[in-house]
Amino acid sequence: MHIAILDENVADRKQLERLLGREADKRKDENGIHYMDSFGEGQSLFPKRMSYDLFFLDGSDSELGAYNFAIELCNGGVTSPIVLCSAIEGYEISIRDKCSVPSNILFLKKPVLKADLSNILDRAEIIFSKLEPTIELRHLKDTMYVRPYDIICVRLDHGQLLVSLSSGETVEVTDSISSLTGSLATYKYFIQASKNLIINAKYIEKLNMLSVRLKNGFEAKISPLGHAEIKKAITHEPSASGLMDGNSISIQID
């Protein structure tokens, strides 16, 4: 597990590192080694945010400062547990009164006690074990992280690699279609319909021998081989086991 600590106070950072190191030694036979990186300010941490499985953010200086940064992390694709550490009396209650707190944000009182830290790590590990995977989409201005099943299709169009999302957004990405094919290969509901097209089976609306239409209105020509691969996936053949996690798909097949 890779842990990021964000605290302007060097002494507090070192103390938390020591406590986490002791917890890591206690837990090494259960869940491996904990790696820790410490940061004094959020600007250094944010670009590296997707490298970490757990965050500890100091919230002692400003009631909403650490919380707002935690929300920035979440908006930037982080789904890992984020622990807000604060010495402010009633900090968690005050935040919850003002905000709708995401389920991956936890609270820890400072000064940090060993028993409290052990308990928060137990809770964080439960959250981490239930995390939904994300796919990295690098585009010209930024990097997005999306859930695999929110990708409708990936297509190469006049040299542009376009990813259509369930939100209605289409993103031009700088990745190659082969790299995205590799990222999506784990998920059996993605089908290589042609060399320039990957589609998500759950969004297929109509299929015939020469074309496929998706629920967002996109239509594309396909080869007989592509047709066979799609049909194999949507009829739940063994090679497509796990398709849609058991959910049924209603498709018009001509």
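Keep in mind that what you see is a predicted model, and the values were worked out from it rather than measured. We use all heavy atoms of the structure for the numbers below, so side chains are in, but hydrogens, waters and symmetry mates are not. The chain is numbered in sequence order, starting from 1.
- Note: the hydrophobic cluster containing L84 also contains F46 (ILVMFWY, side chain heavy atoms under 4.5 Å, direct or indirect links).
- With rounding to the nearest 0.5 Å, the separation of CD1 in I199 from CD1 in I222 is 7.0 Å.
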Using the side chain to side chain contact (heavy atoms under 4.5 Å, CB included) rule, take I71 and C99 through it: C-alpha gap first, then chi angles, then the decisive distance, then the call. CA-CA 11 Å; I71 295 302; C99 312; over 6 Å; no

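- Between the OG atom in S223 and the CG atom in L197 there is a gap of 10.0 Å [rounded to 0.5 Å].
- Of the possible donor and acceptor atoms, one in the side chain of S179 sits under 3.5 Å from a partner among the backbone N and O of S176.
- The side-chain hydrogen bond (donor to acceptor under 3.5 Å, both in side chains) pairs that include a residue from residues 46-56 are D37-Y52, where partners are two or more places apart or lie in different chains.
- Results of the side-chain contact (heavy atoms from CB on, under 4.5 Å) test with F55 over L73, N104, V83 single out L73 as the only residue that passes.
- Connection of I120 to I5 is established within a shared hydrophobic cluster, with ILVMFWY side chains joined at heavy-atom distances below 4.5 Å, either directly or through further cluster members.
- When hydrophobic clusters are built by joining Ile, Leu, Val, Met, Phe, Trp and Tyr residues whose side-chain heavy atoms come closer than 4.5 Å, directly or via intermediates, L225 is not grouped with I177.
- Side-chain contact between L121 and L20 is present, with at least one heavy-atom pair separated by less than 4.5 Å.
- The shortest distance between side-chain heavy atoms of L180 and V163 falls below 4.5 Å.
- Every salt bridge (charged side-chain N to carboxylate O under 4.0 Å, His left out) that R96 has, sequence neighbours left out, goes to E92.
- Considering every non-hydrogen atom in both I191 and A201, the closest pair reads CD1-CB, 3.7 Å.
- Nearest heavy atom pair, residue R13 against residue G40, reads NH1-CA, 3.5 Å.
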I'd like to know whether R123 forms a side chain to side chain contact (heavy atoms under 4.5 Å, CB included) with I126, so could you lay out the CA-CA distance, the side-chain angles of the two residues, the decisive distance to 0.1 Å, and finally the verdict. CA-CA 5 Å; R123 293 171 62 192; I126 291 171; 5.6 Å; no

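- Tracing side-chain contacts under 4.5 Å through hydrophobic residues (I, L, V, M, F, W, Y), one reaches L184 starting from L156; they form part of the same cluster.
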Output a table of donor-acceptor pairs, distance under 3.5 Å, between side-chain atoms of residues 106-114 and any protein atom two or more places apart or on a different chain; print 'none' if there are none.
unit_1: K110; atom_1: NZ; unit_2: D7; atom_2: OD2; d: 3.1
unit_1: K110; atom_1: NZ; unit_2: D12; atom_2: OD2; d: 3.0
unit_1: K110; atom_1: NZ; unit_2: D58; atom_2: OD1; d: 2.8

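- Nearest heavy atoms, A66 versus G59: CB-CA, 3.6 Å.
- Of the possible donor and acceptor atoms, none in the side chain of S94 sits under 3.5 Å from a partner among the backbone N and O of G90.
- Residues F69 and V101 are members of one and the same hydrophobic cluster, defined by side-chain heavy-atom contacts under 4.5 angstrom among Ile, Leu, Val, Met, Phe, Trp and Tyr.
- We find the CG-CD1 distance between D122 and I127 to be 11.5 Å, quoted to the nearest 0.5 Å.
- The salt bridge (charged side-chain N to carboxylate O under 4.0 Å, His left out) contacts involving residues 146-156 comprise E132-R147, R147-D150, where partners must be two or more places apart or lie in separate chains.
- Between V212 and E219, every side-chain heavy-atom pair lies at or beyond the 4.5 Å cut-off.
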Derivation of the side chain to side chain contact (heavy atoms under 4.5 Å, CB included) call for F56 and L54: CA-CA 7 Å; F56 286 87; L54 174 61; 3.6 Å; yes

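- Checked for salt-bridge contact, K215 and E205 miss the test: no charged N lies under 4.0 Å from a carboxylate O.
- Contact check for F39 versus L57: no side-chain heavy atoms found under the 4.5 Å cut-off.
- Looking at heavy atoms from C-beta onward, I198 lies out of side-chain contact with C153 at the 4.5 angstrom threshold.
- Side-chain contact check for L165 versus T170: every heavy-atom pair is 4.5 Å or farther apart.
- Applying the salt bridge (charged side-chain N to carboxylate O under 4.0 Å, His left out) rule to pairs touching residues 167-181 yields R138-D175, sequence neighbours excluded.
- When side chains are defined from C-beta on, I151 does not count as touching S164, because their heavy atoms never get closer than 4.5 Å.
- Summarising the geometry of Y187 relative to S183, their closest heavy-atom pair is CE1-O, 3.7 Å, with the distance given to 0.1 Å.
- Taking CD1 from I230 and CD from Q192, the interatomic distance works out to 10.5 Å, rounded to the nearest 0.5 Å.
- To the nearest 0.5 Å, atom NZ of residue K202 and atom CZ of residue F190 are 8.5 Å apart.
- Here the side chain of Y203 pairs a donor or acceptor atom with the backbone of Y149 at under 3.5 angstrom.
- With hydrogens and angles ignored, the 3.5 Å screen pairs a side-chain donor or acceptor of N208 with a backbone N or O of S211.
- In this structure, CG in L6 is found 6.0 Å from CG in L45, a value given to the nearest 0.5 Å.
- For the pair P133/P148, a side-chain contact is recorded, criterion being any heavy-atom separation below 4.5 Å from C-beta on.
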Could you please spell out the steps behind the side chain to side chain contact (heavy atoms under 4.5 Å, CB included) verdict for M1 and F128? CA-CA 10 Å; M1 179 176 281; F128 184 74; 4.1 Å; yes

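- In terms of the side-chain contact (heavy atoms from CB on, under 4.5 Å) criterion, residue partners of K14 (sequence neighbours excluded) are, by chain and number, V10, E17, R18.
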